[in-house]
Chemist: 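Below is a structure I'd like to ask you about.
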Amino acid sequence: LELETQLRKAISRDEFELYYQPKLELTTGKIVGAEALIRWNHPEKGLVSPGEFISIAEESGLIIPLGEWVLRTACMQLRTWQEKGIAPFEVSVNLSVRQLYQPNLVERVRMILEETRLDPKYLELEITESMMADSDHCLKVLNELKSLGVKISLDDFGTGFSSLHYLKEAPIDTLKIDQSFVRHCTVDGNDATIVKTVIAMAHQLNLEVIAEGVETKEQLIFLQRQLCNVAQGFLFSRPLPVKVFIEQFDEME
Ligand code: G
Ligand code: G
Ligand code: MN
Ligand code: NA
């Protein structure tokens, strides 16, 4: 069966699952957020990573219902955690460029927040630089999303082709330094300079900075010295299924 057909069926059969990866504040070690990352429990192939199906979902337009499922599921999950009295933290959801062109995206996000009764300040939408290529349209949508009260973060920072101009114009709260820069920041002078400079720039612009892909203690120490705010990566935890995430919550905090 063609992957697109399989994806279509998977949506109706509810074969998707969200994994959550914690984000830790570097001064306190506390969990301040979790990134929701989609997985497909394929009946034959087992767990399929988004790298294998997101682009097909985008091309076929299936990313619209799938993206809505992700948003609703993440908001519902966070509400459940909040109701259980688990310390409040943010949940972040990755948006595809296609979703910014969905005519009713802002309305759908507003409705999902209303349905799930989630305070919008706990929802963060992760967008990538390349999404701002058509600046006028994207800026308008981002401003409308922002006015709902949600946070916007710029994912994979440094790998896209957009200009620093958008950092000035777009309603961005957080910069996520791409893991490709973090990976060698303790062994490669250029990467070290890039990471330091991005952190300093973000702070000057009053943005919060998250380092992605933190895998070693040395990287963590480097980032702490640079006053990076938040970090995410295998050093702390891989993305985890809900049940495991909650089980590990106490020890991670
Ligand atoms: O979780 P993993 O590292 O396998 O994710 C691979 C890629 O898929 C990452 O770029 C991530 O941003 C993207 N991705 C994961 N979940 C979602 C999702 O729910 N929506 C979109 N649009 N992309 C996602
Ligand atoms: O594009 P985006 O930044 O959303 O991608 C997030 C992806 O990065 C997820 O698929 C997640 O599995 C992966 N990831 C998260 N932490 C680490 C890490 O420490 N090392 C590596 N190699 N990948 C990571
Ligand atoms: Mn992301
Ligand atoms: Na990224």
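Order of listing sets the numbers, starting from 1, for every ligand and every atom in it. All of these numbers come straight from a predicted model, not from anything done at the bench.
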Chemist: At a 4.0 Å threshold, what atoms of ligand 1 neighbour a non-hydrogen atom of Val70?
Modeler: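 Those atoms are 19 (O).
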Chemist: Can you list the atoms of ligand 2 that are under 4.0 Å from a heavy atom of Gln21?
Modeler: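 Numbered from 1, ligand 2 contributes 15 (C), 16 (N).
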Chemist: Once rounded to 10°, what is the value of the angle centred on the Mn ion (ligand 3) between Glu126 OE1 and Glu35 OE2?
Modeler: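 Value returned, to the nearest 10°, is 90°.
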Chemist: Using salt bridge (charged side-chain N to carboxylate O under 4.0 Å, His left out) as the criterion, point out the one residue from Glu212, Glu35, Glu124, Glu90 that pairs with Lys23.
Modeler: Glu124
Chemist: Would you mind listing which atoms of ligand 2 come within a distance below 4.0 Å of any non-hydrogen atom of Asp156?
Modeler: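 Selected atoms, number and element: 1 (O), 2 (P), 3 (O).
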Chemist: Which of the numbered atoms in ligand 2 are under 4.0 angstrom from any heavy atom belonging to Gly233?
Modeler: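 Close to Gly233: 16 (N), 19 (O).
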Chemist: Under 4.0 Å from any heavy atom of Val214, which atoms of ligand 2 are there?
Modeler: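 The list of qualifying atoms is 19 (O).
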Chemist: Under 6.0 Å from the ring centre and within 45 degrees of the ring axis: does the NZ or CZ of Arg225 meet both conditions for the six-membered ring of Phe222?
Modeler: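 Checked: cation-pi criterion not met.
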Chemist: What orientation do Trp81 and Tyr20 show, parallel under 30°, tilted 30 to 60°, or perpendicular over 60°?
Modeler: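 Because their plane-to-plane angle is over 60°, the rings of Trp81 and Tyr20 count as perpendicular.
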Chemist: Among Arg183, Glu35, Lys176, Arg39, which residue places a heavy atom closest to atom 10 (O) of ligand 2?
Modeler: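 Checking each option, the heavy atom nearest atom 10 (O) of ligand 2 is found in Arg39.
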Chemist: Flag Asn94 as yes if one of its N/O/S atoms falls below 2.8 Å of the Mn ion (ligand 3), otherwise no.
Modeler: yes
Chemist: Any atoms of ligand 2 less than 4.0 Å from a non-hydrogen atom of Glu212? List them with their elements.
Modeler: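 Counting atoms of ligand 2 from 1, those under 4.0 Å from Glu212 are 3 (O).
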Chemist: Between CG of Leu24 and CG of Leu235, what distance do you get to the nearest 0.5 Å?
Modeler: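 So the CG of Leu24 and the CG of Leu235 are separated by 9.0 Å.
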Chemist: Treating Asp188 as the side-chain partner and His184 as the backbone partner, does any N or O pair qualify as donor plus acceptor under 3.5 Å?
Modeler: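 No, the answer is negative, given that no donor and acceptor are paired below the 3.5 Å cut-off.
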Chemist: Side-chain contact test, heavy atoms from C-beta onward, threshold under 4.5 Å: evaluate it for Lys121 versus Lys151 and give yes or no.
Modeler: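 With C-beta onward as the side chain, the pair stays apart.
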Chemist: Does the N or O separation between Ile63 and ligand 1 drop below 3.5 Å for any pair?
Modeler: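 So ligand 1 has no N or O lying under 3.5 Å from an N or O of Ile63.
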Chemist: Would you mind finding which of Gln232, Arg238, Gln179 brings a heavy atom closest to atom 23 (N) of ligand 2?
Modeler: Gln179
Chemist: Where the closest heavy atom to atom 7 (C) of ligand 1 is concerned, which of Ala57, Pro50, Ala74 has it?
Modeler: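 Looking at heavy atoms only, the winner is Pro50.
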Chemist: Rounded to the nearest 0.5 Å, what separates atom CG in Leu145 from atom CD1 in Ile152?
Modeler: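 Between atom CG of Leu145 and atom CD1 of Ile152 there are 5.0 Å.
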Chemist: Just grab all the side chain to side chain donor-acceptor pair (under 3.5 Å) pairs involving residues 194-210, residues at least two apart or on different chains.
Modeler: His203-Asn229
Chemist: What part of Asp155 sits under 4.0 Å from ligand 2 if we count only heavy atoms: the side chain, the backbone, both or neither?
Modeler: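 Under 4.0 Å from ligand 2, Asp155 contributes side-chain atoms alone.
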Chemist: Heavy-atom pairs closer than 4.0 Å: do any link ligand 2 to the side chain of Thr128, the backbone, both, or neither?
Modeler: neither
Chemist: Can you tell me how far apart CZ (Phe53) and CD (Gln6) are? Round to the nearest 0.5 Å.
Modeler: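 CD of Gln6 is found 12.0 Å from CZ of Phe53.
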Chemist: Among the N, O or S atoms of Asp155, which one sits nearest to the Mn ion (ligand 3)?
Modeler: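 Atom name of the closest N, O or S in Asp155: OD2.
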Chemist: Give the atom numbers and elements of ligand 2 that come within less than 4.0 Å of a heavy atom of Asn94.
Modeler: 4 (O)
Chemist: How long is the span from the CG atom in Leu66 to the CD1 atom in Ile56, to the nearest 0.5 Å?
Modeler: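 One gets 12.0 Å once the value is rounded to the nearest 0.5 Å.
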